[in-house]
Q: 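Structure in structure tokens, see below.
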Amino acid sequence: FNLAPSDYTIVLHWTPSAADKGNQAFAFTVGTAVVLAGISIGGAGKFAIYKDANDKIIAHNNTARITGTTAIKCDGETPVSVIVVKKSGSSHAELYVNGQLDGISTSGWHDIDTSPLTIGGWYDSSQRGSTGTFEELIIYDRGYDVVSNPNKYIYSTEDLEDYSSGVIT
């Protein structure tokens, strides 16, 4: 992982498990010392996406935190689309959940550095990683505009039908 942009878009399609419900569960971290609620983040450039015990998505770096307002389903079947955007020249970031703007950082937001990247958990076993599935992670080195649409546009995987064994369920 070698990404150190001043602007970026991170897209994560994740299906939290039933075991994730009501528990803190990390989905994506950059760095080995990210501070979260009560957990201390190291230097600049550390970053995490996780869900808290209230099943709300949080994007967090060493100086700022965005706590989403939407409680997500954690049933092992319902996917969630999480997008974090930071644009060059801005000290704030935006959090989108299932295609809807769900929060904006209220304080300075640092760039991501080139620390180790972990998908599906924390860099070691000291914090709980998600036991759900991850369909896709896309990292763009540009802060793209996200079309926030009440009809759940393309960014939401929430209502997609499951096609397996030739049968739509």
Side-chain angles (χ1 to χ4, degrees), residues 1-14 16 20 23-74 79-123 127-130 134 136-150 152-158:
F1 181 69
N2 189 15
L3 178 68
S6 60
D7 63 333
Y8 52 85
T9 303
I10 298 171
V11 179
L12 176 68
H13 293 142
W14 168 33
D20 289 340
N23 292 299
Q24 177 176 281
F26 285 90
F28 175 84
T29 58
V30 175
T32 57
V34 180
V35 178
L36 309 157
I39 305 167
S40 180
I41 287 186
K46 311 308 182 212
F47 178 80
I49 296 173
Y50 65 105
K51 61 163 282 313
D52 65 11
N54 295 315
D55 298 328
K56 294 182 180 177
I57 300 293
I58 296 176
H60 198 278
N61 76 3
N62 62 305
T63 59
R65 170 183 166 139
I66 307 170
T67 301
T69 59
T70 304
I72 61 169
K73 286 185 182 179
C74 299
V80 61
S81 174
V82 179
I83 301 173
V84 178
V85 178
K86 189 216 179 253
K87 294 185 179 178
S88 182
S90 174
S91 62
H92 300 281
E94 300 171 338
L95 170 66
Y96 293 83
V97 175
N98 291 327
Q100 299 296 305
L101 181 62
D102 209 42
I104 300 173
S105 64
T106 57
S107 60
W109 192 269
H110 285 281
D111 303 338
I112 294 177
D113 70 14
T114 57
S115 296
L117 164 72
T118 304
I119 300 170
W122 185 258
Y123 74 98
Q127 301 296 320
R128 186 182 185 284
S130 173
F134 296 87
E136 183 175 50
L137 171 67
I138 305 169
I139 303 172
Y140 298 99
D141 62 355
R142 184 169 302 149
Y144 286 108
D145 291 327
V146 175
V147 177
S148 188
N149 184 322
K152 297 184 178 158
Y153 200 57
I154 195 168
Y155 300 103
S156 176
T157 57
E158 183 177 35

Q: Which value, rounded to the nearest 0.5 Å, describes the distance between D145 atom CG and K87 atom NZ?
A: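 If I round to the nearest 0.5 Å, the distance is 3.5 Å.
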Q: When you measure from the side chain of N98 to the backbone of S81, do you find a donor-acceptor pair of N or O atoms at a distance under 3.5 Å?
A: yes
Q: If you measure from CD1 on I58 to CD1 on I49, what distance do you get to the nearest 0.5 Å?
A: 11.5 Å
Q: I'd like to know if the side chain of D102 reaches the main chain of T69, judged simply by a donor and an acceptor atom lying under 3.5 Å from each other, with no hydrogens or angles considered.
A: yes
Q: Enter the distance from W14:CH2 to C74:SG here, rounded to the nearest 0.5 Å.
A: 7.0 Å
Q: Considering non-hydrogen atoms only, spot the tightest contact between A25 and S130 and give its length.
A: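 So the minimum-distance heavy-atom pair works out to CB-CA, 3.9 Å.
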Q: Give, for atom CD1 of I66 and atom CD of E94, the distance between the pair rounded to the nearest 0.5 Å.
A: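 That separation rounds to 8.0 Å.
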Q: Begin with the C-alpha distance, continue with both residues' side-chain angles, and end with the deciding distance and a verdict on side chain to side chain contact (heavy atoms under 4.5 Å, CB included) for I139 and F28.
A: CA-CA 12 Å; I139 303 172; F28 175 84; 4.1 Å; yes
Q: Got a sec, which residues hit side chain to side chain donor-acceptor pair (under 3.5 Å) with K56, two or more places apart in sequence or on another chain?
A: none
Q: Looking at S105, is its backbone amide N or carbonyl O close enough to the side chain of H92 to form a donor-acceptor pair, meaning the two atoms are under 3.5 Å apart?
A: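 Yes.
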Q: Do the side chain of D52 and the main chain of N54 share a donor and acceptor less than 3.5 angstrom apart?
A: yes
Q: Minimum heavy-atom separation for A59 to V84, with atom names?
A: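 Taking A59 first and V84 second, the nearest heavy atoms are CB-CG2, 3.9 Å.
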Q: Check whether any side-chain heavy atom of D7 lies under 4.5 Å from a side-chain heavy atom of V85, and answer yes or no.
A: no
Q: Enter the distance from I57:CD1 to Y96:OH here, rounded to the nearest 0.5 Å.
A: 15.5 Å
Q: Salt bridge (Lys or Arg N to Asp or Glu O under 4.0 Å) with D55: which residues, sequence neighbours excluded?
A: K21, K51
Q: To the nearest 0.5 Å, tell me how far L12 CG sits from I83 CD1.
A: 10.0 Å
